[in-house]
Amino acid sequence: MSRPRVVLVEDDPDIRKVLLALLSMEGYTVYLAETGARGLSEIAARRPDIVLLDLGLPDLDGLSVLRKVRSWSTTPVVVISALGEETLKVQALDTGADDYLVKPFGRKELLARIRVAMRHAAKEIQPDGAFEHAGIAIDISRRRVTVHGVEVRLTVTEFKLLTELVRAAGRVVTHRQLLVSVWGPSHAKDTHYLRLYMSQLRSKLEEDPACPEKLLTEQGVGYRLATPD
Amino acid sequence: MVTVVCQVVTEMVMFGKTSFFSKWLSAVAVPIAITVSATPFFSAHTSAAIAMVYLLGVLVNGLYGGRGPAGLAALVSSLSFNFFLSPPQWTFRMESVADTLTFISLLGLGLVVAELSARVAEQASDARTREARAVRLANFTEALVAADAELAVAAVAERFIGEAMGGEVVLVLLSGPDMPPESLAADSVPVTARGRTLAWVQFKLAADGVFGGERAEDRLNDYLRPLSLALERLHFANVANQEALRAHGEELRSTLLSGLSHDLRTPLSTLMAASTTLLSKSITAPSGVLGLVQTIEEQTRHLSKLVTNLLDMTRLTAGMTRIQPEWIPVEEVLGSTRRRVLASLNGQSLVLAVAPEVVLIFVDPLLFEQLLVNLLENAAIHSRSTETIQLSWRSRTDGNPGFVMEVLDRGVGVADTDKLRIFAAFERGVGTRDEKGCGLGLSLCRAIAELHGGSIEVRDRVGGGAVFRVQLPQPREHPPALPVEFLV
């Protein structure tokens, strides 16, 4: 792909300047917007490959910008939240954001999140195909999981759970999203079930469940399957 | 002699003064005076009128002298009438039936009038006394309302009660213990409200040793009631005032701190993004320059942690964070904690020793993870890079359901004088090389531990170093286990 296009919706001028430099250096074409309204028009006009959206905008609340974008586009969106705004970022993820960053964040984190989000959009990750990382090989269509070549038996629920994480590979999936897709909407709040199943998955798939390398916990948000990055 | 009598009577009537002597003197003198004046006019026609005049005399004596003198006056009047006036004079015998009747009526009526007039006088006197007391009490209450401080109330109370009881009174104010201090005299009276003693009224006895007069206790209570109300009112006004001040102070502090941390986050983000960009491999620069940029990045991270702690501390102490504990697998907390502290460990290794019975813990995941992170980072700061930091976790053995978690390091340890201080906000241990500690991390740990109903303390480690021990209670019941499933 030629220079990928980013729309950055951020009201603080200093951060805008730095991110512009950072992303340009990495080969992205960056379009800037200081307000939510401006951001929406830039997204509509430029049709970017990825959107970076700050949730603390002065005019429109970040969530409503997200909702508007999602109503007519599946462009990947990574939201930027501030320290202490846990519920806000979870809400954003449940509203359709692909991933999140918490200020202050470093270069590596930013680039990793953007890359993962764009790979999903480009369908580089097969939703029902095979996945492999750090010794785990998952073949969703054949319902087969191996760790370092050794097959691992999973229960129905465990497999469903793993599949959801694999489909999102690299992106965070919120508790709510996992619960609804694996157990159904009436179980959206049964977080402790989710935790126990994740614990079982870790014990089957990780070398050291207390120091996981693949099934990562994002405390207060959800879970993420680590991808080679 | 008539003049003397007239003088005495006038004095009594005009001034209401009745000394013992003049009362009884007039009881005798008035009838005598009437007898003497009536002698030239006595006849069968005038005897009744004269009898009326005697009765008048008894009445006056009763009003101003009391029932005793009035009774005596009645007796003297009737005897004088008999002896001096009614024929045959100078004897107690009486000739006519009318005169006999007059004599008997005079005596009888005289005694009745004596009684009645004495009673009237008493009631009038009582009424005046009561009115005076009521007025004094009303003035007392009014003065109390106007008093706006405890000392003013005390001054008012001492003056009025002293006047009412006829002696000197001292009000000893208390704001605590219910027993009088030993310095109080034994006959001090407590001022109470709702079972609590607010003050003590101490009496200095009058010279004659008698205090207060009749029904003194009742009268005193009349004064004690408004006094206790006034003291209570002041007490509650004080409490409300202090509460308002404290709440206002808290509010100010919260607003200040949250505004501060908000303002700090933005420049921190810029610093972080810029410094990490400079450190990326795509930028070539002399190593000296890179080293400086590295320092910028490290300090930015450190500042960022400080701001996080500050924000958390503000929210916790302002009561804005409600703790939301849930059952989570202990390994989950351990896993995400280790990833977070990885960057802070400068070469030290972390060893876990989790007892097999600790599988699920009931904690607020975000807060508890922050507690763990802070403890581990604190251990990393105070240990040399070649040392191991140990984390141990086991159930409580004292019979209460709960767990004990310890972070052990081989650092310089914590001096005894600091063992409590380090958990206070913005305190640093004396003599530690604490360049990177910010003084809030451990106090946040304590706040979080206490929010969970637990505790945190530090002890010396055998062989050198420190042991930070966190004890948390846990509910007895565990959540329902997962349904049994078959493997696919």
Side-chain angles (χ1 to χ4, degrees), chain A residues 10-19 21-23 25-26 54 56 80 82-84 86 101-111 143-145 152-159 191-193 195-200 202-203 206 208-213 215-221 223, chain B residues 258 261-262 264-280 282-283 297 300-301 303-304 307-308 311-312 314-315 326-340 350 352 354 359-360 364-370 479-488:
Chain A
E10 168 62 62
D11 64 309
D12 183 78
D14 297 317
I15 301 189
R16 269 204 315 269
K17 209 164 58 175
V18 174
L19 290 182
L22 197 170
L23 290 167
M25 266 172 30
E26 292 298 316
D54 187 311
I80 301 173
L83 280 172
E86 278 91 26
L101 284 163
V102 180
K103 286 198 278 200
F105 51 82
R107 171 185 170 272
K108 280 207 197 101
E109 260 184 279
L110 172 68
L111 294 177
R143 306 193 115 227
R144 228 174 141 248
V145 181
V152 173
R153 310 276 309 274
L154 298 180
T155 68
V156 175
T157 314
E158 285 168 0
F159 193 81
T191 327
H192 64 276
Y193 274 143
R195 293 192 199 268
L196 290 176
Y197 271 105
M198 285 303 299
S199 183
Q200 272 174 214
R202 276 195 298 264
S203 63
E206 295 275 2
D208 181 1
C211 198
E213 286 166 7
L215 299 166
L216 305 176
T217 306
E218 307 259 324
Q219 206 56 272
V221 181
Y223 296 96
Chain B
S258 76
S261 49
H262 187 276
L264 284 172
R265 284 181 306 207
T266 315
L268 276 176
S269 317
T270 316
L271 277 172
M272 186 71 92
S275 55
T276 50
T277 305
L278 284 173
L279 288 171
S280 73
S282 17
I283 300 201
E297 194 245 351
T300 307
R301 274 193 206 281
L303 264 179
S304 166
V307 170
T308 313
L311 193 62
D312 285 342
T314 314
R315 290 195 299 178
E326 43 181 301
W327 286 105
I328 59 176
V330 68
E331 70 189 37
E332 194 172 281
V333 172
L334 288 174
S336 45
T337 302
R338 272 153 76 141
R339 263 177 61 219
R340 275 174 71 177
L350 183 59
L352 296 181
V354 180
V359 177
L360 291 172
D364 180 307
L366 274 174
L367 286 178
F368 194 75
E369 191 177 296
Q370 188 65 48
L482 291 180
V484 175
E485 272 189 297
F486 291 109
L487 299 174
V488 165

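Every heavy atom of this structure was used, including side-chain atoms; hydrogens, water molecules and symmetry mates were not. We name chains A, B, ... by the order of the sequence lines, and we start the count at 1 in each one.
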Interatomic spacing from [atom1] in [X] to [atom2] in [Y] - rounded to 0.5 Å:
X        : Y        : atom1 : atom2 : answer
A:Glu26  : B:Ser280 : CD    : OG    : 6.5 Å
A:Phe105 : B:Ser304 : CZ    : OG    : 12.0 Å
B:Ser336 : A:Glu218 : OG    : CD    : 9.5 Å
B:Thr277 : A:Leu111 : OG1   : CG    : 8.0 Å

Next on the checklist: Working note: A:Met198 + B:Glu331, criterion side-chain contact (heavy atoms from CB on, under 4.5 Å); need CA distance, chi angles, decisive distance, verdict.
Outcome noted: CA-CA 11 Å; A:Met198 285 303 299; B:Glu331 70 189 37; over 6 Å; no
Next on the checklist: Please identify, among A:Lys103, A:Glu206, A:Arg202, the residue contributing the most non-hydrogen atom pairs under 4.5 Å to chain B.
Outcome noted: A:Arg202
Next on the checklist: Shorter than 4.5 Å, heavy atoms on both sides: which option in A:Ile80, A:Thr157, A:Leu19 has the most such pairs with chain B?
Outcome noted: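 Going by pairs under 4.5 Å, I would pick A:Thr157.
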Item to check | Best-contacting candidate, B:Glu332, B:Met272, B:Glu369, against chain A by heavy atom pairs under 4.5 angstrom | outcome: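 Counting heavy-atom pairs under 4.5 Å, the top option is B:Glu332.
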Next on the checklist: Is A:Leu216 in contact with chain B via its backbone, its side chain, both, or neither, using a 4.5 Å heavy-atom distance?
Outcome noted: both
Item to check | Worked verdict on B:Arg338 versus A:Asp208 for side-chain contact (heavy atoms from CB on, under 4.5 Å) | outcome: CA-CA 12 Å; B:Arg338 272 153 76 141; A:Asp208 181 1; 3.9 Å; yes
With a 4.5 angstrom heavy-atom cut-off, is it the side chain or the backbone of [X] that approaches chain A, or both, or neither?
X        : value
B:Leu334 : both
B:Leu360 : side chain
B:Arg339 : side chain

Checklist entry - Looking at side-chain heavy atoms only, is the closest gap between A:Gln219 and B:Arg340 below 4.5 Å? => result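 The answer is no, as the side chains (C-beta and beyond) never meet within the 4.5 Å cut-off.
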Item to check | Check against side-chain contact (heavy atoms from CB on, under 4.5 Å), A:Asp12 and B:Thr270 | outcome: CA-CA 9 Å; A:Asp12 183 78; B:Thr270 316; 4.1 Å; yes
Item to check | Shortest non-hydrogen contact between B:Leu352 and A:Ala210, atoms and distance | outcome: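 It is CD1-CB, 4.1 Å.
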